[in-house]
Amino acid sequence: MTSSRHAPLLLLVLLGVAVLAVPARSQELLPPKVISRPFPQGVYCPLPLDLTFVANGATAVLRFSTTTVNYFDTNQNQAVWSQQLIDNVCVVSDAIYSANLGPLGSYSDQCYTPPNGALLTSVYKFQNAGTLPLEDTFTTDPATNGWDVAHGAYWDATTTAPNDPGTDVSFTPKGALGLGLLDPTFAETDSAYTTKTVTGLTSGVTYHLTGWWNVNQMQLNKISLTISVSGSNSTPIARRTWGMIKREYDK
């Protein structure tokens, strides 16, 4: 039995043990480090992710969507149009993709460069890859090539990403797919998406979806872009979202 005169000492010892235990438990619960990466504002950059999927049939449906077309920019203190543009969208088998990777060119070597090193060190050179299930540089109206332009997507014939990734010297002919038309009311509830059915796939084969992206007006935590792939029978087989702070360029 513990005497009453030893009770204060015992209490101090127990408190000391509890205090010593807190740092160890706190260290175990430390969240992973968050790395912030800038958007390709005002310049085309390769999509900052490697989106792969395994085909479950001969076709797949691609879907590019944005949460909002417009947003209130707290730096400018006004509503702005994000003006998102997509170009050079390809679907390519893993074998061909791997055989046509190369270093970034002079135009793209400054893309996604955080303080601790470059996020991208290589780029897919689709111009050397031959015939692919999908290779669209949008030099013609995407509506004539099976892209959905009824939900905010449109053809912009005045701009383009490099047509020769890796060397980055060819910017003609022009053309890109816009995602979200200019809305004079700048309604922040406006969203936009486009879809495209890809044919000629082989079931069980791994494919890569690549592309380039440009956002002329951007503020972190305001715009996000989602790319999803559905296979035969509308089965979801791949999905990636990035742009908001918690998911920003999540690799």
>> Can you tell me how the ring of W147 sits relative to the ring of F64, calling it parallel under 30°, perpendicular over 60° and tilted otherwise?
In response: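 Rings of W147 and F64: tilted, as their planes differ by 30° to 60°.
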> In terms of the angle between their ring planes, are H151 and Y193 parallel, tilted or perpendicular, with boundaries placed at 30° and 60°?
Replying inline: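 Plane angle under 30°, so parallel.
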Could you tell me whether a side-chain N or O of [X] sits under 3.5 Å from a main-chain N or O of [Y], the two making a donor and an acceptor?
{"X": "N88", "Y": "P162", "result": "yes"}
{"X": "T144", "Y": "D141", "result": "yes"}
{"X": "W81", "Y": "G180", "result": "yes"}

>> Let's go through T139 and K174 carefully: what are the C-alpha distance in whole Å and the side-chain angles of both, what is the deciding distance for side-chain contact (heavy atoms from CB on, under 4.5 Å) to 0.1 Å, and is it a yes or a no?
In response: CA-CA 6 Å; T139 55; K174 297 185 180 300; over 6 Å; no
When rounded to the nearest 0.5 angstrom, what is the spacing between [atom1] in [X] and [atom2] in [Y]?
{"X": "L209", "Y": "C90", "atom1": "CG", "atom2": "SG", "answer": "8.5 Å"}
{"X": "D148", "Y": "T195", "atom1": "CG", "atom2": "OG1", "answer": "4.5 Å"}
{"X": "K196", "Y": "N145", "atom1": "NZ", "atom2": "CG", "answer": "6.0 Å"}
{"X": "L134", "Y": "T199", "atom1": "CG", "atom2": "OG1", "answer": "9.0 Å"}
{"X": "N214", "Y": "D87", "atom1": "CG", "atom2": "CG", "answer": "9.5 Å"}
{"X": "L225", "Y": "Q84", "atom1": "CG", "atom2": "CD", "answer": "6.0 Å"}

>> Pairing donors with acceptors under 3.5 angstrom, does anything connect the side chains of T158 and D156?
In response: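 Their side chains do contain a donor-acceptor pair, which is all the 3.5 Å distance test asks for.
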>> Starting from I96 and following side-chain heavy-atom contacts under 4.5 Å between hydrophobic residues (I, L, V, M, F, W, Y), which residues can be reached?
In response: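 Reading the cluster by chain and number, I96 sits alongside V92, Y97, L101, Y124, F126, L132.
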>> Going by the rule side-chain contact (heavy atoms from CB on, under 4.5 Å), which residues pair with P236 if we only count those two or more places apart in sequence or in a different chain?
In response: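 Not a single residue meets the side-chain contact (heavy atoms from CB on, under 4.5 Å) criterion with P236.
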> Residues in side-chain contact (heavy atoms from CB on, under 4.5 Å) with T167, at least two apart?
Replying inline: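 Counting only residues at least two positions away or on another chain, T167 forms a side-chain contact (heavy atoms from CB on, under 4.5 Å) with D164, V169.
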> Just one of N163, T160, T140 clears the side-chain contact (heavy atoms from CB on, under 4.5 Å) bar with P173, so which one?
Replying inline: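 The residue from N163, T160, T140 that satisfies side-chain contact (heavy atoms from CB on, under 4.5 Å) with P173 turns out to be N163.
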>> For L179 and I86: C-alpha separation, side-chain torsions, deciding distance, then whether side-chain contact (heavy atoms from CB on, under 4.5 Å) applies.
In response: CA-CA 7 Å; L179 191 60; I86 298 167; 4.2 Å; yes
Are side-chain heavy atoms of [X] and [Y] found at a separation under 4.5 Å?
{"X": "K125", "Y": "P103", "answer": "yes"}
{"X": "D136", "Y": "L177", "answer": "no"}
{"X": "P165", "Y": "Q127", "answer": "yes"}
{"X": "Q83", "Y": "L182", "answer": "no"}

Work out which heavy atom in [X] is nearest to a heavy atom in [Y]; give both atom names and the distance.
{"X": "W212", "Y": "S108", "value": "CH2-CB, 3.8 Å"}
{"X": "D168", "Y": "S106", "value": "OD2-N, 3.8 Å"}
{"X": "Y207", "Y": "A55", "value": "CE1-CB, 3.8 Å"}
{"X": "A60", "Y": "V229", "value": "CB-CG1, 4.0 Å"}
{"X": "P46", "Y": "V123", "value": "CG-CG2, 4.0 Å"}
{"X": "F53", "Y": "V91", "value": "CZ-CG1, 4.0 Å"}

>> Please determine whether side-chain contact (heavy atoms from CB on, under 4.5 Å) holds for the pair D94 and T52, giving the CA-CA distance in whole Å, both sets of side-chain angles, and the decisive distance to 0.1 Å.
In response: CA-CA 8 Å; D94 181 67; T52 61; 5.8 Å; no
> Going through the distances and angles, do Y44 and T159 end up as a side-chain contact (heavy atoms from CB on, under 4.5 Å)?
Replying inline: CA-CA 10 Å; Y44 283 94; T159 181; 3.2 Å; yes
>> Under 4.5 Å between side-chain heavy atoms, counting indirect links through other Ile/Leu/Val/Met/Phe/Trp/Tyr residues: same cluster for F138 and V149 or not?
In response: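 No: no chain of side-chain contacts under 4.5 Å links F138 to V149.
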